[in-house]
Amino acid sequence: MVQETAKYKRVLIKLSGEALAGEGEFGIDSKKTHSLAEEVKEVQSLGVEIAIVVGGGNLIRGANLVKVGGIDRATADYMGMLATIQNALALQDACEKKGLYTRVQSAIDIHSVAESYIRRRAVRHLEKKRIVIFAGGIGNPYFTTDTAASLRAVEVGCELILKATKVDGVYEADPKKDPTAKRYSRVSFMESIKRRLQVMDSTALSLCMENNMPIIVFDIFKRGNLKDLVVGKEIGTLISNSEDIRIDGE
Ligand code: UDP
């Protein structure tokens, strides 16, 4: 068998809360979490240093709590950040059961359960081949974990963000609402912001654009995608500063 080699030295995987969720997009499904950990292990076995930012939408989304529960936005957002810490702990547990060394670093100080975020320490963990799971978003309300992913990827020197989603890339329009919508295989940050493509919020995209941090949006529910991406296979949609925009079938 030919030994596969990784194209990247250090990557950041953005896992939305729904990647850990069971049926109905809610809660933490242990089978899914363990299968994710297995995939992370496969990538690590190629020698890639892995940082992960985990979302919290499977437990709490601040904006929803405001609408449904009438809770103040900032409080609701802090509750959302706490949800990301719960997900990070579940993922850490699953990774450790697969024999991976991990550290959770939280942007919100919660000493009894996780390290606080310290950039230089996070980099050291990565150099020592520990999986670093960043929790608590950026630690401020009114932001998202996508912005946290962009920020941390830039801060700790990742080459790429792998944004794990339920869909296989970025489409011109929501493919659930418009089945004729075409998928981009490559698109620029500028085009994504201008056309308000459903990728990441504009804060996250701007940060990546300014710091030349490419993103690949891909389907995490297809087993093997993560490893295939890391060895350089063209999967999903690549978002970068290149103006070489490509749409499937055109
Ligand atoms: N959140 C926040 N600041 C951050 C990151 C997250 O206030 O820096 C809150 C916000 O309420 C958000 C929730 O945490 O709705 C969960 O994060 P997110 O929606 O990004 O999770 P995902 O969609 O990735 O599951």
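Remember, it's 1-based here, ligands and their atoms both numbered in the order they're listed.
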Taking only heavy atoms of [X], which atoms of ligand 1 are found under 4.0 Å from at least one of them?
X    : answer
S16  : 24 (O), 25 (O)
G137 : 4 (C), 5 (C), 8 (O)
G55  : 21 (O), 22 (P), 24 (O), 25 (O)
N140 : 2 (C), 3 (N), 4 (C), 7 (O), 8 (O)
G17  : 22 (P), 24 (O), 25 (O)
G57  : 21 (O), 22 (P), 25 (O)

Stepwise salt bridge (Lys or Arg N to Asp or Glu O under 4.0 Å) check, R223 with E39
CA-CA 8 Å; R223 186 81 174 84; E39 295 211 48; 3.7 Å; yes

For [atom], closest protein heavy-atom neighbour:
atom                    : answer
atom 19 (O) of ligand 1 : R61 NH1, 3.1 Å
atom 21 (O) of ligand 1 : G56 N, 3.0 Å
atom 8 (O) of ligand 1  : I138 N, 2.8 Å
atom 9 (C) of ligand 1  : D77 O, 3.4 Å
atom 2 (C) of ligand 1  : F143 O, 3.1 Å
atom 14 (O) of ligand 1 : G80 C, 3.2 Å
atom 5 (C) of ligand 1  : T144 C, 3.4 Å
atom 15 (O) of ligand 1 : G62 N, 3.1 Å

How far apart are the C-alpha atoms of E38 and K41, what are their side-chain angles, what is the distance that settles it, and do they pass the salt bridge (Lys or Arg N to Asp or Glu O under 4.0 Å) test?
CA-CA 5 Å; E38 194 61 52; K41 187 174 178 173; 5.6 Å; no

Does any N/O atom on L15 come nearer than 3.5 Å to any N/O atom on ligand 1?
no

What I want to know is whether K14 and ligand 1 share at least one N or O pair that is separated by under 3.5 angstrom.
yes

Select the closest option to atom 18 (P) of ligand 1 among N87, I60, T145, judged by heavy-atom distance.
T145

Does K129 have more than 12 heavy atoms from other residues, nucleotides or ligands lying within 6.0 Å of its NZ?
yes

Please say whether more than 12 non-hydrogen atoms of neighbouring residues, nucleotides or ligands are located less than 6.0 Å from NZ in K98.
yes

Does some non-hydrogen atom of P141 fall short of 4.0 Å from ligand 1?
yes

M79 near ligand 1 by a heavy-atom separation under 4.0 Å
no

Cation-pi check, R152 to Y117: give yes when NZ or CZ is under 6.0 Å from the six-membered ring centre and within 45° of the ring axis, no otherwise.
yes

